[in-house]
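These notes are about the structure you will find just below.
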Protein chains: 2
Amino acid sequence: MTSTDSISTATKHGRQGEATVRSKGGRPRSFDRDAALDQAMHLFWRHGYETTSINDLTTAMGITPPSLYTAFGDKRRLFLEAVRRYAGEPEAAEAAIAAAPSAREAARSLLTGAVVMFTGANTPPGCLLASATASGSASSRDVQIAVAAYRHRIADAFAARIGQDVAAGVLPAETDGPALARLVVAVIQGLSVMARDGLPKDALASVADAALHAWPSETPA
Amino acid sequence: MTSTDSISTATKHGRQGEATVRSKGGRPRSFDRDAALDQAMHLFWRHGYETTSINDLTTAMGITPPSLYTAFGDKRRLFLEAVRRYAGEPEAAEAAIAAAPSAREAARSLLTGAVVMFTGANTPPGCLLASATASGSASSRDVQIAVAAYRHRIADAFAARIGQDVAAGVLPAETDGPALARLVVAVIQGLSVMARDGLPKDALASVADAALHAWPSETPA
DNA sequence: TGGCTTCCGTATCGAACGCTACGAAAGTCT
DNA sequence: AGACTTTCGTAGCGTTCGATACGGAAGCCA
């Protein structure tokens with residue numbers, strides 16, 4: 001959501017299914033777990049959760065089904081791990097919003113960051129969080145809820161940041177913080193749809209710019 | 001998108017697969033084609049295109065697979081017909097936008113209409129056009145494109161309506177019409193996501209209201 | 001009434017789904 | 001070196017996918 005570098009590297013090799021398990025010898029893994037997770041993330045990003053098959057995944061990851069299952073558990077846990085890799089720790093996003101110089105600046109940063117991330121040349125269009133579980137069967141409701149929780153945390157952190165600016169007199173007292181926060185999140189979802197529809201980056205940027213005009217005027221402290 | 005009555009009735013019985021075909025006798029259909037299409041629409045609306053199975057459909061429609069295929073062709077054509085039933089003829093939506101008293105009024109009407117439609121008590125949450133094909137495998141790209149075309153027509157009609165108001169001096173000359181039009185469509189996509197996340201109607205309404213603040217001030221003619 | 005046409009219900013079709021049993025291979029540890 | 005642990009590749013598990021073949025049933029028209 002915020003960073004563009006969440007695509008490349010992360011921790012580095014070694015087991016880490018639930019929390020870096022100690023191994024007592026045995027044949028070492030012959031593929032790069034991080035690289036494989038990267039491929040899985042890209043597939044879920046482009047084609048969604050339920051509509052990406054294990055066969056699609058193993059082919060792109062360059063491994064066989066048993067390797068996938070021993071390394072990642074099952075499809076659901078692989079997806080949730082890909083989500084974490086895509087969006088980073090939710091606490092980091094919350095901290096970034098809280099640390100922004102102003103709520104409006106956080107909004108601008110979030111929106112322009114989304115425009116860049118959704119139209120990357122080497123990544124699928126749109127947002128994984130917005131599209132991968134936008135619809136699905138009843139059996140994947142728990143996964144849909146897990147992704148929705150990510151959105152909620154962003155919106156809540158954002159509403160809190162707006163509340164700070166209202167309390168500080170930077171934003172008008174009558175500002176509807178939750179509504180403004182949800183508007184930003186809503187526009188981001190829309191930007192994802194438009195990126196998937198093939199609109200170019202500058203078109204998305206102009207939409208993000210227009211959305212910022214919904215912001216009330218600030219009174220610098 | 002605009003009307004809320006697109007849920008109940010439509011033409012009425014009789015064959016209409018591609019264009020009301022004449023029949024030369026034979027056993028008449030024993031189920032209500034419109035009612036069955038309604039059920040299919042609701043299932044696609046709630047669970048999406050690829051993630052709704054033929055078995056789900058036949059069960060909800062109260063018919064057997066052969067009946068479904070005889071009456072609707074295949075899954076793809078059934079879905080496209082359900083989309084038409086959901087959103088109505090695109091020409092009607094375009095005409096409604098063109099006939100609005102002002103572009104801003106059209107935006108207000110579109111947004112409030114979306115809030116109502118996405119939070120109906122007897123319908124699935126969110127928007128079929130926004131969620132049913134938000135992601136999918138490569139084999140359903142044509143369906144995704146067909147739905148995207150619907151969004152494009154709305155946005156284009158809207159941009160044209162804004163252009164009218166700019167030409168008439170109702171909106172400032174520097175107004176970015178396409179961006180403003182796309183912003184409305186983007187917010188609608190976001191409202192759909194939020195409705196699916198379970199947010200209540202008043203929360204969505206406040207977001208729609210906040211979005212309207214992005215609109216430049218009018219100069220009534 | 002008889003012929004024709006269409007639909008309905010049963011019982012699948014081959015393919016793809018998520019997932020795993022099993023034995024050989026390749027490492028670490030004593 | 002030898003026991004042990006873990007991964008690897010092959011092959012296939014049972015289920016569900018979208019879509020049909022087929023024969024009997026039910027209507028229209030002559």
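Chain identifiers are assigned alphabetically (A, B, ...) following the order of the sequence lines, protein sequences preceding nucleic acid strands; residue numbering begins at 1 within each chain.
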salt_bridge(B:R33, B:E81) N-O dist < 4.0 Å:
yes
Using whole Å, report how far CZ of B:R29 lies from P of C:dT5.
18 Å
To the nearest angstrom, the CZ-P distance between A:F31 and D:dT6 comes to 16 Å
Spacing between A:R33 atom CZ and D:dT7 atom P, to the nearest angstrom
11 Å
Assess, by modelled atom type and distance only, whether the side chains of B:D56 and B:S53 contain a donor and an acceptor separated by less than 3.5 Å.
yes
Taking the six-membered ring of B:F118 as reference, does the cationic atom of B:K201 (NZ for Lys, CZ for Arg) lie under 6.0 Å from its centre and within 45° of its axis?
no
Which whole-number value in Å describes the distance from B:H47 NE2 to D:dT16 P?
16 Å
With a 4.5 Å limit on heavy-atom distance, are the side chains of B:T51 and B:F44 in contact?
no
By salt bridge (Lys or Arg N to Asp or Glu O under 4.0 Å), which residues pair with A:D74, not counting sequence neighbours?
A:R77
Under 3.5 Å, which protein N or O atoms sit close to an N or O of nucleotides 25-28 of chain D? Give each pair with its distance.
unit_1: D:dA25; atom_1: N3; unit_2: B:R27; atom_2: NH1; d: 3.3
unit_1: D:dA26; atom_1: O4'; unit_2: B:R27; atom_2: NE; d: 3.4
unit_1: D:dG27; atom_1: N2; unit_2: B:G26; atom_2: N; d: 3.3

Is any side-chain heavy atom of B:W215 closer than 4.5 Å to one of B:R108?
no
Using the six-membered ring of B:Y86, assess whether NZ or CZ of B:R84 lies under 6.0 Å from its centre and within 45 degrees of the ring axis.
no
Roughly, in whole Å, what's the span from CZ in B:F72 to C1' in D:dA19?
16 Å
Can you see whether A:E50 engages A:S140 through a side-chain donor-acceptor pair at a distance of less than 3.5 angstrom?
yes
Letter per nucleotide, 5' to 3', of nucleotides 9-21 of chain C [B base touched, S only sugar-phosphate touched, - untouched; heavy atoms, 4.0 Å]
BB------SSBBB
